[in-house]
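Here is the structure we will look at.
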Amino acid sequence: MFSKILIANRGEIAVRIIRACKEMGIATVAVFSQADRDALHVSLADQAVCIGPAPVGESYLNMTAILTAAIETGAQAIHPGYGLLSENPRFAQLCAQCGLGFIGPSAQVIARMGDKDEARRAMIQAGVPVVPGCDLVPDLKTARVQGEAIGYPLLIKARAGGGGRGIRLVESPDQLEGAYRAASAEAQSAFGDGGVYLEKYLTSVKHIEVQMIGDRQGNIVCLGERECSVQRKNQKLVEESPSPAVSPQLRAKLFESTRRAALAVGYENAGTVEYLLDRQGNYYFMEMNTRLQVEHPVTEMVTGIDLVKWQIRVAAGQPLSFTQEDVRVEGSAIECRINAEDPKNQFRPSCGTVSLLHQPGGPWVRFDTALYQDYRIPPFYDSMMGKLIVHAKTREEAIRKMKAALSELVIEGVSWNGELAMEIMDDPAFRDGSYGTDFMAKRGMVC
Ligand code: ADP
Ligand code: ADP
Ligand code: MG
């Protein structure tokens, strides 16, 4: 087992990983930008190293500074969290070259699945159903031809995409040119890769994903599904496990496809396969996320399995101690992302000083956050301030518990989305479980 781990991230996920290390008796090294000197992850870690100025390009994405910090502090492995360098194959490769463990899958698997166009082709080969679509479109002329074949509406998606960026909806052929140029330009500036492909736009669908974990011995175990259909700007807002729309039969099929997907690429460590599910019970592969997911706590609550600890164990070469038959999904868990943003103003990010903070408590209530009273939220990073997660015996009880917890949560000094989260919990389509990815649009909100 590793005796010291460096956490190449910030915010609530860095805190989450430090906690797992503490429980495992592993020393921790935090890295931080000049804007994050007062951040919680810095004070919770055993050691902390400043890696550069505020912009992520000069700090949290600065591979040389991070690797140097790891070597100088004697860390044996790096946990990348989510976002930032977590899906960067070059970083995973450099860790290996420096003799450091990378807590995630191999650089080769990250590169293959990070190219969403290549991932689609690999899944077709593995016998996993994919959304009808096409390979990379090199120019507008090809896009027109492929667009006719796929039919409208369709989505233009960036092959290097993530976090909902580089996606454009095209409702009719006359919109294709503008959307093609916009998606390519956005992808080029966000990911340094303007490559795009087309997918049929499926309506009346749910976003369902399966959490899996694999070890070096070749075992793959699926840890239930999560439903993440409540989204704004193609980004998740509320997640739950299990999904109210997944029957035991459908779950078995989803697990089978996920196993195939993982085995086809020789997957090691924790990963997620995302699908779209239609009203007829057909599901289609969308992408594989080769990292820990933001919404992993709902899976932890219903399975009782600590995903971060298992990520560390399998990265250190330990085999999984449980098989597929051992995994039991009990009760229902819901997560609301608590974002510093204004839902009434197109979700514009807000920042400022947290002048008053009261965190909810009570049984089976978990608030993963890096906030503390008087903390000044820096304007340079993600707007997510925390994740409120509850667990109960039934879905109805979990919804009631979430409402109670939301009503207790006090964050003053910044705009945040608590009122909206409460409204979602009361929405009839959320309550009866029939909601799809068009949920927010139906509520008249940007999505
Ligand atoms: P999840 O699938 O875990 O819900 P998201 O897609 O919401 O993940 O992204 C997780 C985090 O990582 C978010 O903070 C998002 O902004 C960030 N992120 C996702 N993809 C990228 C990327 N390619 N580059 C930079 N940040 C990303
Ligand atoms: P990202 O890498 O940015 O997370 P995804 O491919 O996972 O991109 O898509 C993000 C979201 O966009 C999905 O959760 C879903 O709501 C919507 N979406 C993606 N592909 C389709 C599609 N073909 N039809 C309808 N909605 C889609
Ligand atoms: Mg996705």
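Predicted model, so just to flag it, every value in this text is computed and none were measured. Note that the numbering runs from 1 along the sequence shown for the chain. Ligands are counted one by one from 1 in listed order, and the atoms in each one are counted from 1 as well.
- The Gly162 neighbourhood of ligand 2 comprises atoms 1 (P), 2 (O), 3 (O), with distances under 4.0 Å to a heavy atom of that residue.
- The ligand atoms of ligand 2 that sit less than 4.0 angstrom from a heavy atom of Glu287 are 1 (P), 2 (O), 4 (O), 5 (P), 7 (O), 8 (O).
- Near Gly161, meaning under 4.0 Å from one of its heavy atoms, ligand 2 places the atoms 2 (O).
- For ligand 2, the polar-atom distance check finds an N/O of Lys157 within less than 3.5 Å of one of the ligand's N/O atoms.
- Here the side chain of Asp193 pairs a donor or acceptor atom with the backbone of Gly195 at under 3.5 angstrom.
- Residue Met286 holds the heavy atom nearest to atom 13 (C) of ligand 2 of all those in Met286, Lys233, Glu274.
- For Arg159 (side chain) and Asp135 (main-chain N/O), no donor-acceptor pair under 3.5 Å exists by modelled atom type.
- For Gln108, the CD atom counts as loosely surrounded, since its 6.0 Å shell holds 12 or fewer non-hydrogen atoms of other residues, nucleotides or ligands.
- Taking a cut-off of under 4.0 Å to the non-hydrogen atoms of Val131, the atoms of ligand 2 that pass are 23 (N).
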With salt bridge (charged side-chain N to carboxylate O under 4.0 Å, His left out) as the criterion, how do Arg366 and Glu300 come out once you've worked through the C-alpha distance, each side chain's angles and the decisive distance to 0.1 Å? CA-CA 11 Å; Arg366 167 174 168 182; Glu300 297 186 321; 2.9 Å; yes

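- Between Arg226 and Glu239 no salt bridge is recorded (no basic side-chain N to carboxylate O distance below 4.0 Å).
- Glu274 contributes atom OE1 as its closest N/O/S atom to the Mg ion (ligand 3).
- Each of the atoms 16 (O) of ligand 2 lies under 4.0 Å from some heavy atom of Thr437.
- Shortest distance from the Mg ion (ligand 3) to Glu287 is reached at OE2 (N/O/S atoms only).
- Residues Phe347 and Asn339 fail the side-chain proximity criterion, which asks for heavy atoms closer than 4.5 Å.
- Of the heavy atoms in Lys236, none comes closer than 4.0 Å to ligand 2.
- A donor-acceptor pair under 3.5 Å is formed between the side chain of Ser59 and the backbone N or O of Pro53.
- Side-chain atoms of Arg395 never come within 3.5 Å of backbone atoms of Ala392 as a donor-acceptor pair (strictly under, hydrogens ignored).
- Under 4.0 angstrom from ligand 2, there are no non-hydrogen atoms of Thr203.
- Residue Leu155 places no N or O, backbone or side chain, under 3.5 Å from any N or O of ligand 2.
- Taking a cut-off of under 4.0 Å to the non-hydrogen atoms of Ile167, the atoms of ligand 2 that pass are 8 (O), 9 (O), 10 (C).
- In this structure a side-chain-to-backbone donor-acceptor pair under 3.5 Å is present from Tyr267 to Ala270.
- Remark: ligand 2 atoms within the under-4.0 Å shell around heavy atoms of Gln231 are 11 (C), 13 (C), 14 (O), 15 (C), 16 (O).
- Counting heavy atoms only, Lys116 comes closest to atom 8 (O) of ligand 2 of the residues Lys200, His207, Lys206, Lys116.
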Please evaluate residues Arg16 and Asp306 with respect to the criterion salt bridge (charged side-chain N to carboxylate O under 4.0 Å, His left out), reporting the C-alpha separation (whole Å), side-chain torsions for both, the decisive distance (0.1 Å), and the verdict. CA-CA 11 Å; Arg16 163 75 187 88; Asp306 186 314; 2.8 Å; yes

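- Of the N or O atoms in Gly164, one or more lie within a sub-3.5 Å distance of an N or O in ligand 2.
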